[in-house]
Engineer: 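I am attaching a structure below and will ask some questions about it afterwards.
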Amino acid sequence: MTAPVHTACIIDDDITFIFVTNHLVESNQLSEEIITYKNGREAIDELKTLQENEERFPEVIFLDINMPVLDGWGFLDEIKTILPQSVRIYLTSSSIDERDLDRSKSYDEVCEYLVKPVDIETLTRIFNEA
Amino acid sequence: MITKVLVSASCGFWDRDFESNTFFANEEFCDFLGINRTDLPDLESLETLLHPDDRIQFKNAIEDHYRNPDSSSVNLNLRYRHKSGKWISTYFRGRVIDRDPQGKPLRFIGDHVDLTRLTNTEEELRHRNESLELLSEGINAGIWEWDVASGKTIWSPRLFEILGYQPYEMETSYDLFMNEMIHPDHVEGLKKNLDDYLNHKSPYQTEFKCLCRNGEYRWFETHGAARFDSDGNAIRMIGSLLDINDRKQLEERSLRSIDILTSSNQRLLNFAYIVSHNLRSHSANMLSLLEIFQDVTEEQKAEIFNHLKNNASKLLETIDSLADVVKIQTELDKKRELLSLAAVTDRVLHGLSEAIRKTGIEITTDFSEIPEVKCIPAYLESILHNLVSNAIKYRDPDKNAVCSLVTRKSSKGCMLICSDNGQGIDLVQHREQLYGLYKTFHGNPDAKGVGLFLIKNQIESLGGTIEIESKIDEGTTFTITLP
């Protein structure tokens, strides 16, 4: 059975979150490939390179809000120009602060605001929606 | 004819004929007194209606006039009691109009003019004046009067006193007040307020600073009202001046308190946000790790275990950092001492000696301008520690790292300047977030993001400020000002 998504991307500085999500996605065969970046700056630089080389752009991106160097908001502001239409971005955060929720609504690229921990049910739903 | 003339100007007269010994009071007079003619058969009966204080005066005046043919008339203010009981005032004019060859009076006519209204008005005026004086005393305000055309002003004694002068110490005028006494910043505002009033747009009331005799400016409040002529132009204006300096200072203190409280509240909110975020993230991680624990291989279990350890210790770290932040508040109650900067710096450098040795960073100090500062010991140590360890952490590995600590005098107090030649911070990007808890900029795993937040709070709690200048690859300079 092929996975519903070919390439998923996790942008997060939390190695535990990356480890757990990686494990869940792999063991449930939700995506063929997973690429990870540890902050917004690294992600922008690498994704831009991907695009230029006409390599496969991830279809699903899990984007953490709180990261050093360039945070989730900073990433969203910069990626607007190069983001392909079909890419679905899911904002993740340990925060339940309404201000963050409200701010996420101002970005059209953001499909959903996910509060960590993200369980397997949610992941399954998301990957099948993509 | 005499009757006709008298009647038109008077409120009643009486006529006494000595020869026939008759007494006649006219209808109008009787109506004025509220009685019937039959109640006034003679002069004596009229006299009973006189105010006791006026009776003797009347009798004497009349007798004098009878005996003295050269006196022209009797002119008196007389008060009568009206039938209803109220007192009415009259102006009495009486004359002997006919005498015999020996000068004995034959006929006397006395006439009255109603003064009641006039007297009442007088009484009212006196009452009002008294009220006004009492009022100005009671409200402790000075009263001013302005004659618009001439520009002259009259000040009440209290007004002079309020401004620190002796009553009537000098000539006063509109120009003197506007050009020499009102604080320059407030002249325009006051003139506008006055203009608006004179053009009937709004009441005249305004606050302003005014120069007092001792050279000090104090806050005053003024109100006023004008009398206008038929074209709507003001002729004269009267108003009050009240010293509100104490009230104004209280206001300013309250506003400052509100500012402090607002920023304090903001810090508290941020703190709550950070608490919820960081504690949640570590706890959530631990939960999700435990959830996948069952279905994994032995190898993976070991990895999970490591992650668990990692998160557990990070959780503890977070709680400790937050405890540090909370401690700021309790430390604030500790007393400020005069501290030697050299001594505290020595202690701090000793504590960081391992890191200083390893990195080879050179720390120089120059506290010659201000060797000592009054501060809370724990704060000063924390500030110096954080500044130096930041310089160490963010040193440029390609350079000989240098960090200098210097004190300088400034108008606001003592400036503590810490400069290094390290990596620098991109202020354009990060200035806003600089002091937010847990914001780090270099991807540096050691940067826990608490340091700057902590010392900023400590500095501000002391009433000081912290500023930063930085250039990428050149270095960073922190300037801390303590009062």
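All values reported here derive from a predicted model rather than from experimental measurement. So you know, we letter chains A, B, ... as the sequences are listed, proteins then strands, and number each from 1.
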Engineer: Answer with side chain, backbone, both or neither: which region of D100(A) has an atom nearer than 4.5 Å to a non-hydrogen atom of chain B?
Structural biologist: side chain

Engineer: For a quick test of reading the model, state the closest non-hydrogen atom pair linking I292(B) to F19(A) and the distance between them.
Structural biologist: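 In this case the closest contact between I292(B) and F19(A) is CD1-CE2, 4.2 Å.
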
Engineer: Distance from I120(A) atom CD1 to S288(B) atom OG, nearest 0.5 Å?
Structural biologist: 12.0 Å

Engineer: When rounded to the nearest 0.5 angstrom, what distance separates CG in D14(A) from NZ in K314(B)?
Structural biologist: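 So the gap between those two atoms works out to 6.0 Å.
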
Engineer: What distance separates H23(A) NE2 from E303(B) CD, expressed to the nearest 0.5 Å?
Structural biologist: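 Result: 10.5 Å between the selected atoms.
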
Engineer: Which bit of V118(A) comes within less than 4.5 Å of chain B, counting heavy atoms only: side chain, backbone, both or neither?
Structural biologist: neither

Engineer: Hey, is CG on N400(B) packed in by over 12 heavy atoms from elsewhere, all under 6.0 Å?
Structural biologist: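 For N400(B), atom CG is not crowded (no more than 12 foreign heavy atoms under 6.0 Å).
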
Engineer: Contact part of N310(B) toward chain A, heavy-atom cut-off under 4.5 Å: side chain, backbone, both or neither?
Structural biologist: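 Only the side chain of N310(B) comes within 4.5 Å of chain A.
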
Engineer: Please check if atom CD in E299(B) has more than 12 non-hydrogen atoms from other residues, nucleotides or ligands closer than 6.0 Å.
Structural biologist: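 Check fails, neighbour count at 12 or below.
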
Engineer: Atom NZ of residue position K399(B) - does it have more than 12 heavy atoms of other residues, nucleotides or ligands inside 6.0 Å?
Structural biologist: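 Result for NZ/K399(B): enclosed.
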
Engineer: What's the separation between atom NE2 in H282(B) and atom OG1 in T16(A), rounded to the nearest 0.5 Å?
Structural biologist: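 With rounding to 0.5 Å, NE2 (H282(B)) is 9.0 Å from OG1 (T16(A)).
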
Engineer: What's the shortest heavy-atom distance between R280(B) and S94(A), and which atoms?
Structural biologist: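 Minimum heavy-atom separation between R280(B) and S94(A): NH1-O, 2.7 Å.
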
